[in-house]
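Positions are given from 1, in the same order as the sequence printed here. Quick caveat, the model's predicted, so the values are computed rather than measured.
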Amino acid sequence: MLRGVGDDAAVIRARPLCVVSVDAMVDGIHFRLAEGWATGAQVGWRALAGALSDIAAMGAEAGEACIVLGVPAGLPERQALELVRGAGALAQQTGTAIVGGDVVAAPALTVSITVLGWAEREAQLVGRDGAAAGDLVGVTGRLGGSGAGTAILEGRALGGAEREQLLARVRAPSPRLREGRALAAAGVSAMIDLSDGLASDAGHIGRASGVRLRVALDSLPLQAGVSDVCAELGVAPQQLAATAGEDYELCFCVAPSARATVQRALDGAGLAAVTWIGEVVKGAPGVALLDARGEEVALAGFERRW
């Protein structure tokens, strides 16, 4: 970055390839600031995390971000400033430069973030359309935490001993930027971030690639505390892990010959663990979620609405 906040426009020193994504969140739909579900700082962090997760899914390096705030009448200036500071804290942690934006009047608090990522060569980037029959399907980290945390915020569950960790997963998710770059360098063939839930997002890979992903529900790695919340809800933990969105982990496909390379790339760098959850086969493009008997279960993810 040559010039950032303070001029009419930012000036950025470009690299060969720019990866661009935009994400928006609206109070009352994606978060509920007035109900105390999150602080202003957590809203800002979460909004930037969602945008950066798209950059992570491409295997790009985070670069710059612009933030547009739609501010309703009556919102205290303190909360607006907290929001920007929250986004700034994640930006500092991830090496992202906030280079500008805008503030406008709006009927509800709206946060729209455009992020830029960078790569030197097209081969360093990963899309959704490269999966092939015979590939393995893997996922980073652990699933279900955001869905369980949301159930606690909605008053549908108490959460038990892991309550605070589950709430933190909702309020301050971590985009898997380092993992995305490591996976891309290890040769994964397709990748997506889990924002709408594995049941939907894995299906996006299948349809873009013209293949079918077969995922064993029993193999899904659960965040600690998810099973306790699911017991309160009367829902199978694997169902929540597959359908609840905004865990912001990465789902990817890779040839079996590169499995060890992927494992070493993440294990050696101390990054989020990989769990192998299925395989890619020929068939109707999409995803097949299999129960313990190997029978297909009809589940669908969704866009989170707090």
Side-chain angles (χ1 to χ4, degrees), residues 1-7 9-25 39-69 81-102 111-127 140-141 146 168-169 171-186 188 191-195 246-252 262 264-274:
M1 178 183 66
L2 300 179
R3 288 183 177 271
V5 177
D7 283 294
V11 180
I12 298 166
R13 190 184 301 279
R15 289 164 60 181
L17 295 177
C18 182
V19 181
V20 185
S21 183
V22 62
D23 202 39
M25 295 187 178
T39 65
Q42 289 166 340
V43 169
W45 177 294
R46 185 171 176 269
L48 181 57
L52 286 174
S53 186
D54 291 332
I55 299 298
M58 301 294 293
E61 181 180 339
E64 292 76 27
C66 291
I67 303 176
V68 176
L69 296 183
L81 293 175
E82 281 181 2
L83 191 152
V84 175
R85 283 195 290 268
L90 179 58
Q92 183 176 24
Q93 185 181 107
T94 58
T96 305
I98 297 178
V99 297
D102 199 7
V111 189
S112 179
I113 300 185
T114 299
V115 291
L116 305 181
W118 300 97
E120 299 299 328
R121 302 182 308 279
E122 186 176 0
Q124 293 176 314
L125 301 175
V126 182
T140 63
S146 182
R169 188 67 183 269
R171 292 167 169 164
S174 297
R176 298 299 193 185
L177 288 159
R178 294 174 61 206
E179 287 81 358
R181 294 197 301 275
L183 289 166
V188 301
M191 187 156 58
I192 193 170
D193 75 314
L194 298 182
S195 55
E246 296 187 345
D247 281 322
Y248 295 120
E249 296 294 349
L250 299 176
C251 177
F252 60 91
V262 165
R264 285 195 301 270
L266 271 65
D267 292 349
L271 304 180
V274 167

**Asked** Taking only residues two or more places apart in sequence or in another chain, which ones pass side chain to side chain contact (heavy atoms under 4.5 Å, CB included) with A10?
**Response** V99

**Request:** Give the minimum heavy-atom separation between Q124 and E120, together with the two atoms involved.
**Result:** OE1-N, 2.7 Å

Show me the side-chain donor-acceptor pairs of residues 83-93 shorter than 3.5 Å, one per line, residues at least two apart or across chains.
none

**Prompt:** For E61, which residues count as a side chain to side chain donor-acceptor pair (under 3.5 Å) partner, sequence neighbours excluded?
**Reply:** R15

**Message:** Using side-chain heavy atoms (C-beta onward) and a distance below 4.5 Å, is L250 in contact with V188?
**Reply:** no

**Request:** Return the set of residues passing side chain to side chain donor-acceptor pair (under 3.5 Å) with D54 (not counting sequence neighbours), or none when no residue passes.
**Result:** S21

**Request:** Give the minimum heavy-atom separation between I55 and G117, together with the two atoms involved.
**Result:** CD1-N, 3.8 Å

**Message:** Any non-hydrogen side-chain atom of R46 less than 4.5 Å from a side-chain atom of E246?
**Reply:** yes

**Prompt:** Can you tell which of L266, V126, L271 makes a side-chain contact (heavy atoms from CB on, under 4.5 Å) with L183?
**Reply:** L266

**Request:** Determine, stepwise, if the pair L69 / D102 fulfils side-chain contact (heavy atoms from CB on, under 4.5 Å).
**Result:** CA-CA 6 Å; L69 296 183; D102 199 7; over 6 Å; no

**Prompt:** For A184 and G59, which heavy atoms make the closest approach, and how far apart are they?
**Reply:** CB-CA, 4.0 Å

**Request:** Report the residues that fulfil side chain to side chain contact (heavy atoms under 4.5 Å, CB included) with A186, sequence neighbours left out, ordered by chain and then residue number.
**Result:** T261, V262, A265

**Prompt:** Residues in salt bridge (charged side-chain N to carboxylate O under 4.0 Å, His left out) with E64, at least two apart?
**Reply:** none

**Request:** Output all residues satisfying side chain to side chain donor-acceptor pair (under 3.5 Å) with S174, sequence neighbours left out; order by chain, then residue number.
**Result:** none

**Item:** Contact summary for V115 and A65, nearest pair of heavy atoms
**Value:** CG1-CB, 3.9 Å

**Asked** Do side-chain atoms of E179 reach the backbone of A272 as a donor and acceptor pair under 3.5 angstrom?
**Response** yes

**Request:** Applying salt bridge (charged side-chain N to carboxylate O under 4.0 Å, His left out), name anything that partners R169, two or more places apart in sequence or on another chain.
**Result:** D247, E249

**Distance, nearest 0.5 Å, that separates OG of S112 from CG of D23** = 8.0 Å

**Asked** So, do R176 and S53 sit near enough that their side-chain heavy atoms are less than 4.5 Å apart?
**Response** no

**Complete:** Looking only at heavy atoms, the pair that brings V5 and G100 closest together is CG2-N, 3.8 Å

**Prompt:** What closest approach, in Å, do T94 and P175 show between heavy atoms, and which atom pair accounts for it?
**Reply:** CG2-CG, 4.5 Å

**Listed partners of T114 passing side chain to side chain donor-acceptor pair (under 3.5 Å), at least two apart** = none

**Prompt:** CE/M58 to CG/L177 distance, rounded to the nearest 0.5 angstrom?
**Reply:** 13.0 Å

**Asked** Which value, rounded to the nearest 0.5 Å, describes the distance between Y248 atom OH and L52 atom CG?
**Response** 10.5 Å

**Request:** Return the set of residues passing salt bridge (charged side-chain N to carboxylate O under 4.0 Å, His left out) with D7 (not counting sequence neighbours), or none when no residue passes.
**Result:** R3

**W118 side chain to L17 backbone, donor-acceptor under 3.5 Å** = no

